[in-house]
Amino acid sequence: MADLNPAQLAAVEAGDGPQLILAGAGSGKTRTIIHRIGHLISARGVAPHRILAVTFTNKAAAELKSRLSELIGDDGGGVVSGTFHAISLRLLRRYAEALAYPRSFQVIDADDQKALVKRILKQANIPADRLHPSFLLGWIEHCKHAGQTAEQAPACDWNGVDLRGLYSTYQQQLREHERMDFSDLILNCVLLMREHADIAEALQRRFDHILVDEYQDTNPVQHEWLTLLCAGHRNLTVVGDDDQSIYGWRGADIRHILEFERIWSGAGTHRLEENYRSTGAILDLANAVISKNEDRHDKSLRATQEQGLLPQWQVCNDEYDEARQIGTQLQAWRDAGYAWQEMAVLYRSNRQSLALEQILREQGLPYRIVGGVGFFERLEIKDALAYWALLNGCGDALQLMRICNRPKRGIGLKGQEQLAAQLSGSGLRAHEWLDLVAEGGVGGVAGKLAPLARLIASLRPQAGTLPDRGLMALLQESGYLDSLQAMGELEAASRIDNIHTLQRYIELTMEQEITPIEFMDRAALLQSGEEAGRDDENEESVTLMSLHRAKGLEFDCVVLPGVEEGLLPHQRALDDGEAGIAEERRLLYVGITRARRHLKLTTARVRRLFGETHYPLPSRFIKNLPPSMLQQDTPVATASAMQNNSGDMGVGSNVLHPSFGEGVIIDFEGSGDAIRVTVQFRKAGIKRLMLKYAALQAA
DNA sequence: GACCGCTATATTTTT
DNA sequence: TATAGCGGTC
């Protein structure tokens with residue numbers, strides 16, 4: 001451990017009791033956790049299986065495991081590590097019955113969850129304009145994040161609708177379908193411990209040490225989860241950075257890390273402030289930006305790398321100009337010897353990728369967009385998994401309903417209702433019921449399922465054996481694969497390709513001799529195809545993704561487009577007042593600190609969003625920075641601009657614009673070439689214009 | 001049951 | 001401005 005710095009070493013060797021490790025961006029956070037775990041095992045004699053390491057993503061959990069094995073060998077494998085959700089699910093599998101759930105319950109995904117809420121609202125005859133499904137779901141999630149069951153949730157009347165009642169209905173329906181949603185995984189674990197002292201005690205005795213990564217992102221129910229689990233020993237080590245708390249909108253409460261020392265009396269605090277990632281110039285900018293936030297642990301990153309080049313700030317004409325400038329910059333970095341995969345463009349809103357995509361394609365630069373529909377959320381993957389689950393004897397009613405008419409079997413909405421009623425009336429599990437159907441033991445519409453049921457019954461002996469040929473045979477012979485062809489050749493090919501990826505993943509995973517339901521758990525908790533064996537990470541291409549997705553990653557060269565008022569900070573965050581702006585500032589901080597060597601920020605003078613034209617001001621976050629921190633690069637605009645003599649105009653002047661018509665200036669800002677005016681147009685409303693480019697005339 | 005056209009909607013989305 | 005999903009109609 002000779003290569004740890006003093007602060008890291010102190011954190012690694014800190015004794016029992018609560019420990020807070022404030023780890024700035026690029027300060028060797030993961031190394032420190034791993035070494036601390038290693039220290040607990042080798043120096044303190046803690047048994048590996050009595051250590052629990054909690055993360056937020058599967059990727060982080062996997063990295064932890066592999067680096068731990070690297071450091072301490074086989075013992076690393078004994079450490080229990082996983083996401084909050086994965087660990088919770090494992091506990092719930094064992095104790096589900098205490099919550100009146102069958103042990104074979106499944107996890108419901110976001111799509112099915114939304115469909116369920118929609119159905120509930122429809123049944124209750126509540127139209128979307130009175131209560132929007134996503135609003136209801138958001139409210140329920142909010143309650144769950146706060147650790148509130150339907151009974152404990154606050155009474156809430158929305159347009160005469162009782163939200164708490166609907167929350168309760170939603171839970172009932174989930175239970176009837178034998179499903180839990182993602183938030184339930186955590187909340188139900190907490191309920192288990194709240195309501196069953198014996199289980200709580202057993203779980204509290206299970207681990208001697210708990211370590212949590214990305215602690216700034218914990219929400220109240222996760223906090224309670226941790227509090228309950230380590231109630232016996234209080235050996236809780238949390239690692240995080242309050243300056244990187246960007247999930248407040250998902251219920252994360254930054255106070256858990258800000259007030260850690262108050263919440264956990266006697267806590268030790270360790271600050272990791274030496275940054276091994278970025279150049280000094282990049283860190284100077286990061287520090288300058290984040291220091292404007294008020295509620296934060298006082299710390300600042302120190303560079304260990306060379307000072308490097310100043311980050312650049314470029315003002316562009318519009319989003320297409322911005323994209324072109326970015327393309328030029330990326331090419332310049334490439335010419336300087338950087339690989340494409342060492343570059344990233346990180347934006348606030350996914351919509352920003354549109355113009356970038358278009359221009360980068362025109363310029364012939366390789367890029368990949370991260371985001372969008374996750375692998376396991378794809379239609380064909382969900383279908384294939386439903387078939388697989390039914391084949392392997394763990395499918396449920398939702399899965400049967402999903403595939404009963406795919407391919408077309410002549411079962412319409414009415415038929416599906418009938419099937420659902422028959423199935424639930426039988427009291428059988430879906431696959432048992434299907435066997436009954438195969439034998440011709442069910443009448444009515446169910447008859448239309450008989451061929452499928454018989455096919456499944458005939459293939460079932462092949463299920464669970466390796467190599468697993470059952471699924472592909474089922475999809476082929478049931479006509480499912482053929483039904484994909486109806487979507488067009490290209491699309492069908494890509495979907496079938498995805499199914500083959502799934503097939504490989506199934507075989508790979510089943511080698512570990514896990515049960516079908518455990519396999520379904522993994523699929524439910526995984527979201528990307530990367531982990532499923534599709535590896536486009538190493539592709540030779542520039543990465544385009546949202547700032548949120550970029551947390552935890554690093555690149556040699558980073559571009560942050562759209563550093564503007566309205567986008568960063570986002571308009572919608574401004575409504576949340578100071579707290580909203582602080583989180584947006586942290587988002588910019590996260591973006592800046594992703595860069596190792598080169599950083600470029602851009603701003604557009606004109607940005608079209610949803611068909612509306614905006615004239616954004618540069619972000620407040622980069623205003624009033626010392627001029628030595630950013631190299632401003634503002635080329636002469638190419639727009640056909642009319643030169644105005646601003647001397648003729650001022651606040652109150654009447655003006656005329658060729659497309660917006662008559663208006664009056666209500667604000668004036670800037671000087672020289674950078675004058676912005678805010679104009680109240682009589683018909684077009686308030687617009688901000690760059691005087692130099694606006695064809696604005698004194699009227 | 002399929003198709004077409006209208007309309008609602010657009011911040012971020014670790015699980 | 002772009003798109004997905006829904007509802008109406010054939």
Side-chain angles (χ1 to χ4, degrees), chain A residues 54-61 82-89 107-111 113-115 118 122 127-129 132-134 137-138 141 144-145 180-187 213-214 216-219 221-222 244-252 319 346-355 357-358 370-374 376-377 379 405 408-416 486 521-528 531 545-553 562 566-576 580 583-584 586-588 590-591 607-614:
Chain A
V54 191
T55 62
F56 275 86
T57 66
N58 295 303
K59 211 171 150 188
T83 63
F84 274 103
H85 295 85
I87 295 163
S88 297
L89 182 49
V107 180
I108 193 168
D109 73 7
D111 274 344
Q113 196 185 11
K114 200 165 176 202
K118 277 187 180 168
K122 200 164 185 178
D129 52 6
H132 198 101
S134 54
L137 204 48
E141 290 279 289
K144 290 185 176 181
H145 289 154
M180 294 188 194
D181 66 25
F182 281 117
S183 310
D184 283 338
L185 298 180
I186 316 273
L187 179 56
D213 191 15
E214 304 281 13
Q216 75 280 355
D217 292 330
T218 48
N219 63 34
V221 73
Q222 287 161 338
Q244 293 186 65
S245 164
I246 55 174
Y247 281 99
W249 51 276
R250 276 198 119 193
E319 65 268 34
L346 311 176
Y347 34 76
R348 176 64 240 263
S349 152
N350 284 317
R351 197 153 296 265
Q352 287 171 262
S353 71
L354 268 164
E357 213 178 335
Q358 197 177 320
V370 180
V373 194
F376 287 95
E377 286 156 18
L379 182 102
N405 204 31
K408 309 248 154 13
R409 297 187 178 93
I411 304 171
L413 274 177
K414 282 256 164 66
Q416 287 179 31
D521 286 352
R522 295 207 191 182
L525 296 182
L526 236 51
Q527 44 100 49
S528 73
E531 291 114 303
M545 66 178 146
S546 71
L547 286 163
H548 284 89
R549 284 219 160 199
K551 199 184 63 168
L553 304 179
L567 212 45
L568 190 68
H570 197 278
Q571 191 56 46
R572 299 272 292 259
L574 297 176
D575 304 338
D576 294 345
E583 183 153 317
E584 296 288 304
R586 292 193 289 268
L587 212 39
L588 175 58
V590 167
R607 191 175 292 278
R608 279 162 292 255
L609 226 52
F610 309 135
E612 263 186 289
T613 308
H614 297 264

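The chains referred to below are lettered A, B, ... by the order of the sequence lines, with proteins before strands, and numbering in each begins at 1. Predicted, not measured: the structure shown is a model, and the values here were computed from it. All values below were derived from every heavy atom in this structure, side-chain atoms included, with hydrogens, water molecules and symmetry-related copies excluded.
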Within the 4.0 Å heavy-atom criterion, would you say A:G410 contacts the bases, only the backbone, or no part of the nucleic acid?
sugar-phosphate
So does A:I411 get a backbone contact from the side chain of A:N405, meaning a donor-acceptor N/O pair under 3.5 Å?
yes
Which listed nucleotide (B:dT13, B:dT15, B:dG1) is nearest to the side chain of A:S546?
B:dT13
Listed nucleotide nearest any side-chain atom of A:T57, set B:dT11, B:dT13, B:dT14
B:dT14
A:N350 has a side chain; which of B:dT15, B:dT14, B:dT12 sits nearest to it?
B:dT12
Would A:F84 count as stacked on B:dT15 if the rule is ring centres under 5.5 Å and plane angle under 30°?
no
Starting from P on C:dA2, measure out to CD on A:E612 and report it in whole angstrom.
14 Å
Hey, are the side chains of A:H85 and A:S88 touching, using non-hydrogen atoms and a 4.5 Å cut-off?
no
When you measure from the side chain of A:H548, which nucleotide among C:dG5, B:dT13, B:dT14 comes out closest?
B:dT13
Where the side chain of A:R351 is concerned, which of B:dT13, B:dT11, B:dA10 is the nearest nucleotide?
B:dA10
What's the CG-C1' distance between A:D213 and B:dT14, to the nearest Å?
11 Å
Rounded distance (Å) that lies between atom C1' of B:dT12 and atom CG of A:L567
11 Å
So does A:Q244 get a backbone contact from the side chain of A:R586, meaning a donor-acceptor N/O pair under 3.5 Å?
no
Rounded to the Å, how far apart are A:H145 NE2 and B:dT14 P?
13 Å
To the nearest Å, how far apart are A:R607 CZ and B:dT11 P?
15 Å
In whole angstrom, give the distance that lies between atom CD of A:E357 and atom P of C:dA2.
13 Å
N-O pairing of A:K551 and A:E214 below 4.0 Å
yes
Could you tell me the separation between the CG atom of A:D217 and the C1' atom of B:dT12, rounded to a whole number of Å?
12 Å
For the base of B:dT11, is there a side-chain donor-acceptor partner from A:R572 under 3.5 Å away?
no
